[in-house]
Number of protein chains: 2
Amino acid sequence: MSVSIKDIARLSGVSTATVSRTLSHPDRVSEDTRAQVMTVVATLGYNVNSAARSLRRQRSDSVLAIVPDLGNPFFSAILAGMEEALHAAGIDLLIRDSRQAGNSGEVMLNHLRQGRVDGLICLDGALPEATRRALAAPDVARRVVFCCEWLSGDDGALFPSVRSDNQTGAKLAIDALVGLGHRNIAFLAGPPSNVLSQERRIGTVAALAAHGLELSQTCGGGQDFGLQAGYEAADWLVGLEPRPTAVLCVSDQMAMGLIAGLNDLGVSVPQDISVIGFDDIVTAAYFRPALTTVRQNRVEIGRRAAELLMIQVREGAEPPEVPVVVSVPVELIMRSTIGPAPKV
Amino acid sequence: MSVSIKDIARLSGVSTATVSRTLSHPDRVSEDTRAQVMTVVATLGYNVNSAARSLRRQRSDSVLAIVPDLGNPFFSAILAGMEEALHAAGIDLLIRDSRQAGNSGEVMLNHLRQGRVDGLICLDGALPEATRRALAAPDVARRVVFCCEWLSGDDGALFPSVRSDNQTGAKLAIDALVGLGHRNIAFLAGPPSNVLSQERRIGTVAALAAHGLELSQTCGGGQDFGLQAGYEAADWLVGLEPRPTAVLCVSDQMAMGLIAGLNDLGVSVPQDISVIGFDDIVTAAYFRPALTTVRQNRVEIGRRAAELLMIQVREGAEPPEVPVVVSVPVELIMRSTIGPAPKV
DNA sequence: TTGAAAGCGATACCAG
DNA sequence: CTGGTATCGCTTTCAA
C-alpha cells in the first residue's frame with residue numbers, strides 16, 4: 001500500500017487535517033508546521049491520491065476534447081494549444097475520437113455525468129440530434145465549449161465557441177485572386193453539411209459580390225476534408241465549361257490533393273489554374289508549388305477554447321453573457337499556387 | 001446534488017450493496033432484482049461516480065500517453081490506434097506533450113504516483129537521466145511501455161516496447177536503390193542521439209554491406225525530424241563530392257523538405273537524385289513527385305502498445321518475460337521519387 | 001493555528 | 001441471492 005496522508009500525519013506529529021491544509025492551503029498553517037510536514041512528505045515521497053481528492057472536492061480537474069478524426073493531422077496543433085493552457089492550470093486533457101466505432105454522443109456525455117471530467121471541448125459540429133439535445137440541458141451546457149466547428153445554427157447562444165474568422169479568410173483569398181485578374185472562381189467544399197464548408201462558402205460569395213462577381217461553381221467535396229477528396233475533385237474542375245481559372249479550397253489537404261490531381265491531368269498550377277488552401281498546415285510551405293493559403297492560428301484556437309472553458313466551469317462563475325463567439329484572426333499566406341489569370 | 005447509489009437503493013427497495021452488484025456484476029443478482037434496479041437507474045438517469053469508484057477500486061481505468069511533440073502530425077495516427085484499443089476496454093486516454101514547458105519527467109511520474117492513471121505509454125525515447133532512473137523503480141516499471149521510440153540501450157529488458165522493424169525498413173529501401181543501380185547512397189538522419197536515427201542508420205549500413213557497399217555520407221539532420229531540417233539538408237547534399245545519387249531519409253517530413261530544397265537548387269528528383277522517406281504519412285502519396293517511402297503501420301503500433309500495457313497492468317498479471325520487443329512489420333511503398341541511377 | 005470527525009460515493013467482505 | 005458495514009484517502013466544517 002502506498003503512503004497516505006495518515007502516515008504523514010503520524011510521522012510529523014500533527015493531524016491529517018493539518019497535513020491536508022499544508023498541501024492544499026499552505027498559508028493556513030504555521031511556518032514551522034509547514035516545514036515539518038513538507039520534510040516528511042519529501043522523505044516518504046508522498047503524493048496525493050487524485051481519486052480521493054476528486055471525490056471529496058467533487059471535481060476532477062480534467063477536461064475532455066472531442067475530435068472528429070484524431071488521425072487527421074489538422075487537429076494536432078489545436079490539441080497542443082489546449083494542452084498548454086490546461087496544464088498550466090493543473091488540468092488534464094483527455095481525448096476522444098467522436099467518429100470512432102462505439103463513440104456515440106452518449107459516451108462523451110457520460111464522461112461529464114460520471115464526473116470523470118469537469119468540461120467538454122467539442123471540435124465536432126456534426127453531432128447527432130439526440131446528443132445536441134442532451135448537451136443543451138442547463139447543467140450540461142455550461143460545461144461545454146465548441147472549438148473550430150460549432151453546431152450549425154448556433155451563433156454562440158447555446159454554446160460558447162472559438163473559431164477562426166472564416167468569412168474574412170475567404171475574403172482575403174478572393175480579394176487576392178480578383179486582384180490577379182480572375183473572374184471565374186470556383187469553391188471546393190468539404191462535406192456540404194459541415195459548418196466550415198458553409199461558412200467559408202458564404203464568405204466567398206460575399207467577397208465576390210463586393211467585386212460584382214458571382215461564384216462560378218461549388219464542388220460538394222467528399223466525405224471529409226482530406227487529400228483524396230481533393231484529388232478526385234480535379235476531374236470535376238477540368239470538366240467545367242467555362243473552366244474556372246482559380247479555386248478556393250476549404251482545406252489545405254483538399255488543395256494539395258486537387259493540385260496533385262490537376263497535375264496528373266496535365267493541368268499546371270498556377271499557370272493554368274490558381275489554387276488557394278485554408279489552414280496552413282505544416283506541409284503547405286514545402287509542397288511544390290508551395291501552397292498559398294489562409295492561415296488559421298490553430299494553437300491559439302486551442303488555447304482560447306481551453307481558457308474559455310476553464311472560466312465557465314470555475315465554480316461560482318457567472319453564466320456567460322451570450323452569445324459568446326471568440327473569433328480568431330486569420331491571415332493570407334502568399335506562396336506559389338496563385339498567379340495572374342491566364343489570357344483567354 | 002446528483003443522484004447516487006443510495007437513491008437507487010431507496011427507490012428500488014434494495015440495499016446499496018445490491019445496486020452496486022447489479023451495476024458491476026450483473027450475474028450475481030437475481031433477474032428480478034436486476035430488472036427492478038435497472039429500471040430505476042434508467043428513470044433517474046443515474047451514472048456511477050468515477051472518482052468514488054476509482055478510490056474504492058484503487059485504479060483509474062485510464063492511461064497516459066507521453067508524446068514528444070503533439071504538434072507533429074506523425075503522432076496522430078498512433079494516438080488514434082491507442083484510443084481505439086483503450087476505449088474498447090473502457091479505458092481513457094490522457095495525453096501530454098513531454099517537450100512542453102514545465103513538463104519535466106516528474107510530471108508524468110506524478111500522474112502514476114497520484115493514481116491518476118494506471119499506466120504510461122511513452123513515445124519519447126529521450127528522457128532525462130533522472131526520469132529514466134525513476135521509471136526503473138520496480139513498481140513503476142511494470143506500468144510503462146514504450147512506443148515507436150525507446151530508451152537507447154534498452155532492448156526491451158527494462159521496458160517492453162512496440163516499434164516498427166526499422167532495420168528491415170532501411171534494408172527494403174536500400175535494396176530497391178541498389179537494384180536501380182545506385183552505388184553512392186547517403187543517409188539523412190534526424191537528431192543524432194535519437195534511437196530512430198541510429199537504428200535506421202544501422203540498418204542502412206548493414207544492407208549496403210550486404211551488397212558490398214559502404215554508406216556514402218550521413219547528414220546529422222537538425223533538432224527534429226521536420227520539414228525545415230530536410231530543406232536545409234539540400235545544401236549539404238548538393239555540396240558533396242562525389243554527389244550521392246540517392247538518399248534514404250529518416251522521416252517523410254525530412255524527405256519532403258529535402259525534395260523541396262533540391263527543387264529550389266535546380267536539382268530534380270528522381271532524375272538527378274533518388275529520395276526515399278520513412279513513415280508514409282498521409283501527404284506522402286499526394287506530394288509531387290509522389291514520395292517513395294517505408295510505410296510504418298502507425299495505427300497498429302499504437303494499438304499494440306495499448307494492448308501490451310493493458311496486459312501488464314492487469315492485476316495479478318505475471319511480470320512479462322523480458323525482453324519484450326514487439327516489432328511491427330514495415331513495407332516499401334513504391335511511388336515516384338526513385339529512379340535509375342544517372343549515368344555518370 | 002490546530003484537531004476531531006463527518007462525509008464524498010462506491011465496493012466487497014462477511015453474515016445470513 | 002441479499003444486506004449491513006467498514007473502507008478507500010482526502011477535505012472541510014466546527015470547536016477549541
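Per chain, numbering begins at 1; letters A, B, ... match sequence-line order. Hydrogens, waters and symmetry mates play no part in the numbers below; they use all other heavy atoms, side chains included. Since we're looking at a predicted model, the values are computed, not measured.
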Got more than 12 heavy atoms from elsewhere within 6.0 Å of CD, B:Glu31?
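12 or below, so no.
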Just the atom pairs and distances: protein N or O near nucleotides 10-12 of chain C's N or O, under 3.5 Å.
{"from": "C:dA10", "atom 1": "OP1", "to": "B:Tyr46", "atom 2": "OH", "distance (Å)": "2.3"}
{"from": "C:dA10", "atom 1": "OP1", "to": "B:Asn49", "atom 2": "N", "distance (Å)": "3.2"}
{"from": "C:dA10", "atom 1": "OP2", "to": "B:Ile5", "atom 2": "N", "distance (Å)": "2.5"}
{"from": "C:dT11", "atom 1": "OP1", "to": "B:Ser24", "atom 2": "OG", "distance (Å)": "3.3"}
{"from": "C:dT11", "atom 1": "OP1", "to": "B:Arg53", "atom 2": "NE", "distance (Å)": "2.6"}
{"from": "C:dT11", "atom 1": "OP1", "to": "B:Arg53", "atom 2": "NH2", "distance (Å)": "2.9"}
{"from": "C:dT11", "atom 1": "OP2", "to": "B:Ser20", "atom 2": "OG", "distance (Å)": "2.8"}
{"from": "C:dT11", "atom 1": "O5'", "to": "B:Ser20", "atom 2": "OG", "distance (Å)": "3.4"}
{"from": "C:dT11", "atom 1": "O2", "to": "B:Arg56", "atom 2": "NH1", "distance (Å)": "2.5"}
{"from": "C:dA12", "atom 1": "OP2", "to": "B:His25", "atom 2": "NE2", "distance (Å)": "3.4"}

Audit row: B:Asp92, A:Arg96, salt bridge (Lys or Arg N to Asp or Glu O under 4.0 Å) steps and yes/no
CA-CA 8 Å; B:Asp92 271 350; A:Arg96 295 203 83 136; 3.6 Å; yes
Worked verdict on A:Asp97 versus B:His87 for side-chain hydrogen bond (donor to acceptor under 3.5 Å, both in side chains):
CA-CA 10 Å; A:Asp97 186 325; B:His87 291 163; over 6 Å; no
Does A:Asp118 use its side chain to pair, donor to acceptor, with the backbone of A:Ser60 at less than 3.5 Å?
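Between the backbone of A:Ser60 and the side chain of A:Asp118 there is a qualifying donor-acceptor contact (under 3.5 Å).
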Please confirm whether the shortest side-chain N or O distance from A:Ser30 to OP1 or OP2 of C:dT2 is below 4.0 Å.
yes
Distance test, side-chain N/O of B:Gln58 to OP1/OP2 of D:dG9, below 4.0 Å
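Yes, such a contact exists.
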Is B:Ser54 touching bases, backbone alone, or none of the nucleic acid, heavy atoms closer than 4.0 Å?
nothing
Using atom CG of A:Leu55 as one end and atom P of C:dA6 as the other, report the distance to the nearest whole Å.
17 Å
Mind calculating the distance between CD (A:Gln114) and C1' (C:dC8) to the nearest angstrom?
17 Å
Decide salt bridge (Lys or Arg N to Asp or Glu O under 4.0 Å) for B:Asp32 and B:Arg34; before the verdict, give the C-alpha distance in whole Å, the side-chain angles of both, and the deciding distance to 0.1 Å.
CA-CA 5 Å; B:Asp32 288 354; B:Arg34 195 189 323 145; over 6 Å; no
Could you pull out every donor-acceptor pair under 3.5 Å between side chains of residues 40-52 of chain A and any protein atom, sequence neighbours left out?
{"from": "A:Thr43", "atom 1": "OG1", "to": "A:Thr39", "atom 2": "O", "distance (Å)": "2.7"}
{"from": "A:Asn47", "atom 1": "ND2", "to": "A:Gly45", "atom 2": "O", "distance (Å)": "3.3"}
{"from": "A:Asn49", "atom 1": "OD1", "to": "A:Ala51", "atom 2": "N", "distance (Å)": "2.8"}
{"from": "A:Asn49", "atom 1": "OD1", "to": "A:Ala52", "atom 2": "N", "distance (Å)": "2.9"}
{"from": "A:Ser50", "atom 1": "OG", "to": "B:Gln114", "atom 2": "O", "distance (Å)": "3.4"}

